[in-house]
Structure formats: structure tokens, C-alpha cells
S.K.: 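One structure, as C-alpha cells, below. Some questions next.
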Amino acid sequence: MNLPAASPNSLTGRSKKVFITGGTGFIGSHLLKQFASTEHEILALRRENARTRIAIGREPQWLEKPLDQIDAQDLNGVDVLIHLASVGVSPVQATWHELFYWNVAVFVRLMEQAKLAGVTRLVVAGTFAEYGRSADHYDLIPSDAPLLPTYPYAASKAAAFAAAHSFSIENRLELCYLRIFSAYGEGQFSGNFWPSLKEAAQSGADFKMTLGEQIRDYVPVETVAKSFLSASELRDISAQIVVTNVGTGTPVSMRAFAEYWWNCWQAEGRLLVGALPYRANEVMRFVPKIDSHPLDDKNE
């Protein structure tokens, strides 16, 4: 990520007021844990009585309100809006209408309210799935590759990116858009690959999977959370818009990844490789090009 010189209206190194959507989600929980050791004032959105996926230490100030009802008053004094909330993250299903309502229309409304409140920076979670069929043309996918999604959730996220990009330019807001590759770790939804693999290993059960020839970039959730923390603290965003991939840059097959963890957990069951078919819209290789200036460089 190239950040050559400080913009006159870039945020300084002072402590900030940060608003986080999706604070009780997988990545949001780990991000709150990392923010707990900083001096930033954190306001986070949650459903009524929802809890974080892991212990986070210092609690943020919670706002219990539907995402589509947030207004400028809720964002009063906020410097940075970190948007993690999303509908339809695999393997949870959502309709086209739900996806484009929550991930696009409600997101646009949120940005409008942020602008009215004087928020100066948006930090938004994207997904590698936005690249879709573009992945067929790259060994390492650059962050400016065309977005050619192959299924509804990815399409809604690509549309959300287009909206964020245009809105930020029109309204002169700083935008950090982070496309997350295959994040895994504690607190992940039980239906995802890594936690379901872990559950089978620790219970002594066999585990059904595909042939596992898919090539992915598996990135620990702690690394992902650190990237979002760093994006909120960056001082030099002269380009105004930063789009970057969040991954390790190390490709591995799904089968090799499964075998590694199966051995780490000393599983007694068997990996039933090839017991499941590939999905009809499966993209076999998703590996990012990692920008030369990573987000953990805070330019301090």
C-alpha cells in the first residue's frame, strides 16, 4: 500500500473516537480485544444482549440499535467508522433482496449519516470473493483486479465497494477498504471450515471434505483484526482511497491446511478427502498480492 505524503486533513496520532459495526461478530470481537489495549474511545453496535465471540478485556460503549436505524446523532464526535457488519457470510444464506438491502442500501445510508456527523474516515471490510472469476487470470490477485463475483453475497459486497468508492470521492472522505482472504480462528462461526474441522478432530469423528485442491490464503483472525486497527490509526492517506488485500501471501491447498491442523490436534478420526463434491461456482485459486506497504505500518 503506497502512502507517499500526509494529506492536510489526515487523522493525526491522537486518540480517536471509533465506531464499529459488527462488534460482536468473529472479526469484530478480535478487533475489540485489540482496541482494548489502546487509548481510543470505542463505540460498538450490537443486537440487544448480544455477546462477543471471545473475551475482549475492556468493554466498549455499546449501542443497541438496528443497523438501518443509525443516525448522525449516534455518530456524534466519531472520527473513524469501521464497518464490519454484513449479511450472508458463508455458510449463512440470505436472499438477493436481503443481501442488497443490508450490504448495499443500508450501508449507503450509514455512510450518509457518517458524513452528516463529520466522520472523516471509513474503514470497510470487503472479501476476496469479490474478485470471483478474475482470480483465474492471476497467480497473485492485485487489489485493483476487476471484480467478477460468482455468487450473490460476493456480488453484494462488490456493489458495496463501488458505492463506498464513489461516495468517498464525492464527499471527500478517507476510505480504507480491506479485502479479507480466508480468515480463521477462535470464535468463528461453527459451520465454517476451520471450526468444523476442529470440532471433528477433538471429538474423534471423521471429517468429510472435498478433494481439497482449492488453493487459498488462510490468514489468522488476529492478523485481520490488526489490519483494521492499523487502518484506523494510519496518519498518511494522501491518496484518499486505499484498497488493499488482507492475507499472508502464502498459498496452500485446502487439503494441506486440513492435514496440518488435523495433525496439530492429534485427531483420531479420518479425513475423508473427496467425500464431498466441489460447489458448482467453485473458484480453485484465490491468492492475494500483498501490497509492499502493509497496514501494520502506522507511519509513526
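What you see is a predicted model; the values in this text were computed from it and never measured. For the numbers below, each heavy atom of this structure counts, side chains included, while hydrogens, waters and symmetry mates do not.
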S.K.: Counting only N and O atoms by type, is there a donor-acceptor contact under 3.5 Å from the side chain of Gln214 to the main-chain atoms of Tyr278?
M.R.: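 No: the side chain of Gln214 does not pair with the backbone of Tyr278.
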S.K.: Just by modelled atom types, is the Thr223 backbone N or O under 3.5 Å from a matching donor or acceptor in the Ser227 side chain?
M.R.: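 Yes, the answer is positive, given that a donor and an acceptor are paired below the 3.5 Å cut-off.
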S.K.: Give a yes or no answer on whether the side chain of Asp71 reaches the backbone of Gln73 with a donor-acceptor pair at less than 3.5 Å.
M.R.: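 Checking the backbone N and O of Gln73 against the side chain of Asp71, a donor-acceptor pair under 3.5 Å is found.
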S.K.: Which residues pass the side chain to side chain contact (heavy atoms under 4.5 Å, CB included) test with Arg58, sequence neighbours left out?
M.R.: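 Once residues adjacent in sequence are excluded, the partners of Arg58 under the side chain to side chain contact (heavy atoms under 4.5 Å, CB included) criterion are Ala36, Thr38.
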S.K.: Tell me whether the centres of the aromatic rings in Phe107 and Phe161 are closer together than 6.0 Å.
M.R.: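 Between Phe161 and Phe107, which both carry aromatic rings, the centre distance is not below 6.0 Å.
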S.K.: Does Gln202, at its CD atom, have more than 12 non-hydrogen atoms belonging to other residues, nucleotides or ligands within less than 6.0 Å?
M.R.: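 Atom CD in Gln202 is packed in, count exceeds 12.
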S.K.: Would you say Tyr131 and Arg179 are linked by a side-chain donor-acceptor pair, where the criterion is simply a distance under 3.5 Å?
M.R.: yes
S.K.: So which heavy atom on Ala158 is nearest to which on Leu147, and how close?
M.R.: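 Scanning both residues completely, I find the closest heavy atoms to be CB-CD1, 4.1 Å.
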S.K.: If we check side chain to side chain contact (heavy atoms under 4.5 Å, CB included) with Thr24, which of these qualifies: Ile56, Leu84, Thr52, Asn49?
M.R.: Thr52
S.K.: State whether the side chain of Glu174 and the backbone N or O of Ile241 hold a donor-acceptor pair below 3.5 Å, judged by distance alone.
M.R.: no
S.K.: Spell out, as yes or no, whether a donor-acceptor pair under 3.5 Å connects the side chain of Asp206 to the backbone of Gly269.
M.R.: no
S.K.: How about Ile180 and Phe228: do any of their side-chain heavy atoms sit closer than 4.5 Å?
M.R.: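 Yes. Closest side-chain heavy atoms under 4.5 Å.
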S.K.: I'd like to know if the side chain of Thr120 reaches the main chain of Asp79, judged simply by a donor and an acceptor atom lying under 3.5 Å from each other, with no hydrogens or angles considered.
M.R.: yes
S.K.: Can you see which heavy atom on Val119 is nearest to which on Leu173, and at what distance?
M.R.: O-CD2, 3.2 Å
S.K.: Look at the rings of His30 and Phe26 and say which category their plane angle falls in: under 30° parallel, 30 to 60° tilted, over 60° perpendicular.
M.R.: perpendicular
S.K.: Which atoms form the tightest heavy-atom contact between Tyr138 and Pro146, and what is the distance?
M.R.: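 Heavy atoms only, the tightest pair is OH-CD, 3.7 Å.
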S.K.: When you compare the side chains of Asn103 and Tyr153, does any donor N or O come within less than 3.5 Å of an acceptor on the partner?
M.R.: no
S.K.: Parallel, tilted or perpendicular: which describes the rings of Phe181 and Phe128, with under 30° parallel and over 60° perpendicular?
M.R.: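 Parallel.
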S.K.: Do you know the tightest heavy-atom contact between Asp217 and Gly249?
M.R.: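 Heavy-atom minimum between the residues: OD2-N, 2.6 Å.
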S.K.: If the threshold is 4.0 Å, N to carboxylate O, is there a salt bridge linking Lys226 and Glu222?
M.R.: no
S.K.: Within 45 degrees of the axis of the six-membered ring of Phe257 and under 6.0 Å from its centre: does Arg216 put its NZ or CZ there?
M.R.: no
S.K.: More than 12 foreign heavy atoms under 6.0 Å from OH of Tyr260: is that the case here?
M.R.: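 At most 12 heavy atoms, drawn from other residues, nucleotides or ligands, come within 6.0 Å of this atom.
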S.K.: Does Arg285 reach the main-chain N or O of Asp139 with its side chain, forming a donor-acceptor pair under 3.5 Å?
M.R.: yes
S.K.: Write down the atom of Gly191, the atom of Ser196, and the distance for their closest heavy-atom approach.
M.R.: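 Closest heavy-atom pair between Gly191 and Ser196: O-OG, 4.4 Å.
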S.K.: Nearest 0.5 angstrom please: Asn76 CG to Phe19 CZ, how far?
M.R.: 12.5 Å
S.K.: Can you tell me how far CG of Leu178 sits from OG1 of Thr127, rounded to the nearest 0.5 angstrom?
M.R.: 12.0 Å
